[in-house]
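First up is the structure itself, then whatever we jot down about it.
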Amino acid sequence: MAVPEDPPVRVRIAPSPTGFAHLGTASTALYNVLFARQTAGTFVLRIDDTDMERNRPEYEALIYESLRWLALDWDEGPDKGGPHAPYRQSERVDIYREEAARLIKEGHAYRCYCTPEELEAERRQAQAEKRAYKYSRRCLTNPPEGRSVFAVRFQVPGGEIRFTDMVRGEMRFDADLIGDFIIVKSDGYPTYQFASPVDDARMEITHVIRGEEHLSNTPYQLMLVDALGYPRPQAYAHMPLILARDGAKMSKRKHPELNLAIYREQGYLPEALLNYLALLGWNPGTEQEIFSFDELLQSFSFDRVQHGGARFDWEKLNWINGEYIRRLSDDELARRVQPFVSQLDADTIRRAVPALKTRLHKLADAVGYLDYLWTDPPAPSLDEETSLRVRAAADALKPVAWEPEPIESALEKAVLESGVSKGRFYNPLRDVLTGKKVALPIHYAFALLPKDKALSRLERAA
RNA sequence: GGCCCGUUCGUCUAGUGGACCAGGACGCCGGCCUUUCAAGCCGGAGAUCACGGGUUCGAAUCCCGUACGGGCUACCA
């Protein structure tokens, strides 16, 4: 894609630390990283913390943590530094102030003394007259006297704004429809609409890859870039939004899947999440579903990105995660399961893995299969006949070496001698041993529990 | 309200004028395997291609309109 005389590719994400780290941030970061690695470019992390009301440093830490967990590492950022430091917008306010002053001086922006109430009234008026609202430019033509609190507004030049979107092709917007907008708030901080293009320009960002919600913002930012005299980014890529299951926009309260932390907590493998995210809104044009990161690097391209939003689907994620779990080596799976069953020693976990592997959709599922190892199940009441068989099982197991294979053959023999079906014989045993209807295969269930404990559970019940 | 983006099985999608009475994946249903649950294998149901016009010998694919969904229109990002 890059032609020799093009400057080296630089891309960025600019998440806002106003809450937990978002799924959308991971998705956008993935596409940025893919493009950066494909072009031997640089991936920049910039923290967009100009909303003084909602920013918190601990939220910034969550962003780092989540991106690192996903192995979406950045080349430049607040914690790493780089040639365009600082990378935190709150530390760049001098730059925005200078740029705003320059715009005012050159007649591209002006101070606006209107109060929120006055603006609200203007808006309502327009609505009542069924007019599209545009700021009246009162403060440009006839500013009120004697006020000191002001915001800075950009004087929109109008005209047609065109740009290239790598997903959607050539875009055009009619800027005559856009009213003069605020670029510096009355608290002195820049708005997103201002800080973002200024930083993109000064950080020499060549390709802006971001969510579709910014598509309509692009003409605002391009006008600013032009007025400031910076070169425009070469291209944009507006990626489809991730929607909730019901097709609505995700909300923090109703949609836990928005929070990146829960994927780690529930035992989704980061590489599986990335695979799923890549497939939400993009497809390779082949029937391949499982992609290593390197394979994604090979096949990803913006011209195969979907134009419409995609709904998030736990079922498909679960399937992909299960595929990844099954492809892990036994040792690796044991290592990854470990934090979820911290009650158990490494050896027990390792021995459970062969039986566990095909049964997990996510690592946290291991708890349900293994918790009988550290909690005593209630002893069920058994009828006479069943008790007899449980006792027979206990007797058969007493002399046996405590490994799945010998346990299995001893039990098979006991089944034969009992004259009942395997199901009739095994179901009560499973219940007594684990307290559950669903468990690992019975010989594993036995072998994982220390022999004396297993036998005493049988004897206690019979 | 205005502007922008979108609309193919429940979901993610393939499809760029004839090979499509629409293919794959997840999920669902049935079977095999089986001590439970999975995994695996085999098979199945499931889409009047949002709707209405047009262009064309021929349209899911091109054009127009409508409906629906989403985004932006904030001194949020």
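To find a chain, count down the sequence lines: A is the first, B the second, and so on, and within it residues start at 1. Given the structure is predicted, the values throughout are model-derived calculations rather than measurements.
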Are any protein N/O atoms closer than 3.5 Å to N/O atoms in nucleotides 74-76 of chain B? If there are, list each pair with its distance.
unit_1 : atom_1 : unit_2 : atom_2 : d
B/C75  : O2     : A/S186 : N      : 2.5
B/C75  : O2     : A/S186 : OG     : 2.6
B/C75  : N3     : A/S186 : OG     : 3.1
B/C75  : N4     : A/C114 : O      : 2.7
B/C76  : OP2    : A/K185 : NZ     : 3.2
B/C76  : O2'    : A/D51  : OD2    : 2.7
B/C76  : O2'    : A/R54  : NH2    : 3.1

Collect all protein-nucleotide pairs involving nucleotides 14-16 of chain B in which both atoms are nitrogen or oxygen and the distance is under 3.5 Å.
unit_1 : atom_1 : unit_2 : atom_2 : d
B/A14  : OP1    : A/N283 : ND2    : 2.3
B/A14  : OP2    : A/Q306 : NE2    : 3.4
B/A14  : O3'    : A/R304 : NH2    : 3.4
B/G15  : OP1    : A/R304 : NH1    : 3.2
B/G15  : OP1    : A/R304 : NH2    : 3.0

Protein-nucleic acid N or O pairs under 3.5 Å, nucleotides 67-69 of chain B:
none

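Nucleotide B/C37 has no partner under the Watson-Crick or G-U criteria, as no pair reaches both atom distances under 3.5 Å. In this structure, B/G18 forms a base pair with B/C57, meeting either the Watson-Crick or the G-U wobble geometry with both donor-acceptor distances under 3.5 Å. Nucleotide B/A67 forms a pair with B/U7, judged by Watson-Crick or G-U wobble geometry with both contacts under 3.5 Å. B/G43 is paired with B/C29 under the criterion used here, namely a Watson-Crick or G-U wobble arrangement in which both key atom distances are under 3.5 Å. B/A74 is unpaired under the Watson-Crick or G-U wobble criterion, no partner having all donor-acceptor distances under 3.5 Å.
Taking atom P in both B/C63 and B/U56, the straight-line distance is 15 Å, to the nearest Å. The same atom, P, is picked in B/G54 and in B/A45; the two are 35 Å apart, to the nearest Å. Rounded to whole Å, the separation between the P atoms of B/U61 and B/U16 comes to 12 Å.
Backbone-only contact: A/L177 has heavy atoms under 4.0 Å from sugar-phosphate atoms and none from a base. Counting non-hydrogen atoms under 4.0 angstrom, A/Y189 reaches nothing in the nucleic acid. Looking at heavy-atom distances under 4.0 Å, A/Q288 makes no contact with the nucleic acid at all. Across all strands, A/D48 comes closer than 4.0 Å only to sugar-phosphate atoms, never to a base (heavy-atom distances).
Closest to the side chain of A/M171, from the set B/C37, B/C4, B/G71, is B/C4. Closest contact between the side chain of A/R326 and the listed nucleotides B/G1, B/G40, B/C5 involves B/G40. Among B/C4, B/U13, B/C37, the nucleotide with an atom closest to any side-chain atom of A/L215 is B/C4. The side chain of A/T358 lies closest to B/A38, out of B/C12, B/A38, B/C72.
On a pure distance criterion of 3.5 Å, no polar donor-acceptor pair joins the side chain of A/S16 and the base of B/A77. For A/R311 and B/U11, a side-chain-to-base donor-acceptor distance below 3.5 Å is absent, hydrogens and geometry of angles not being considered.
The aromatic rings of A/F163 and A/Y236 sit perpendicular, their planes meeting at an angle over 60°, well past the 30° parallel limit.
Atom CG of A/N427 is separated from atom NZ of A/K437 by 8.0 Å, given to the nearest 0.5 angstrom. Here the straight-line distance linking atom NE2 of A/H22 with atom CZ of A/F20 works out to 5.0 Å at 0.5 Å rounding. Of the inter-residue distances, the one linking A/S27 atom OG with A/Y276 atom OH reads 10.5 Å to the nearest 0.5 angstrom.
With 3.5 Å as the limit, one finds a donor-acceptor pair spanning the side chains of A/N318 and A/Y268. Counted by atom type alone, A/S16 and A/D48 present zero donor-acceptor pairs between their side chains at under 3.5 Å. Of the N and O atoms on the side chains of A/D331 and A/S329, not one donor lies less than 3.5 Å from an acceptor on the other residue. Side chain to side chain, A/R168 and A/H307 fail the donor-acceptor criterion of an N or O pair below 3.5 Å. A donor and an acceptor atom, one from each side chain of A/D180 and A/Y110, are located under 3.5 Å apart.
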Original post:
Once each nucleotide of nucleotides 25-34 of chain B is scored for protein heavy atoms under 4.0 Å, what B/S/- sequence comes out, 5' to 3'?
Top reply: BSS-------
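Summarising the geometry, the separation between NE2 on A/H214 and P on B/U73 is reported as 10 Å, rounded to the nearest angstrom.
No more than 12 heavy atoms of other residues, nucleotides or ligands shown are found within 6.0 angstrom of CD on A/Q298.
Every ring pair (Phe, Tyr, Trp, His ring centres under 6.0 Å) that A/Y113 has, sequence neighbours left out, goes to A/F150.
Geometrically, A/R123 engages A/Y133 in a cation-pi contact defined by less than 6.0 Å to the ring centre and at most 45° from the axis.
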Which atom pairs, donor and acceptor, lie under 3.5 Å between side-chain atoms of residues 360-368 of chain A and protein residues at least two apart or in another chain?
unit_1 : atom_1 : unit_2 : atom_2 : d
A/D365 : OD2    : A/H361 : N      : 3.0
A/D365 : OD2    : A/K362 : N      : 3.1

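For A/Y263 and A/W314, the distance between ring centers is under 6.0 angstrom. With ring centers used as reference points, A/F300 lies under 6.0 Å from A/Y31.
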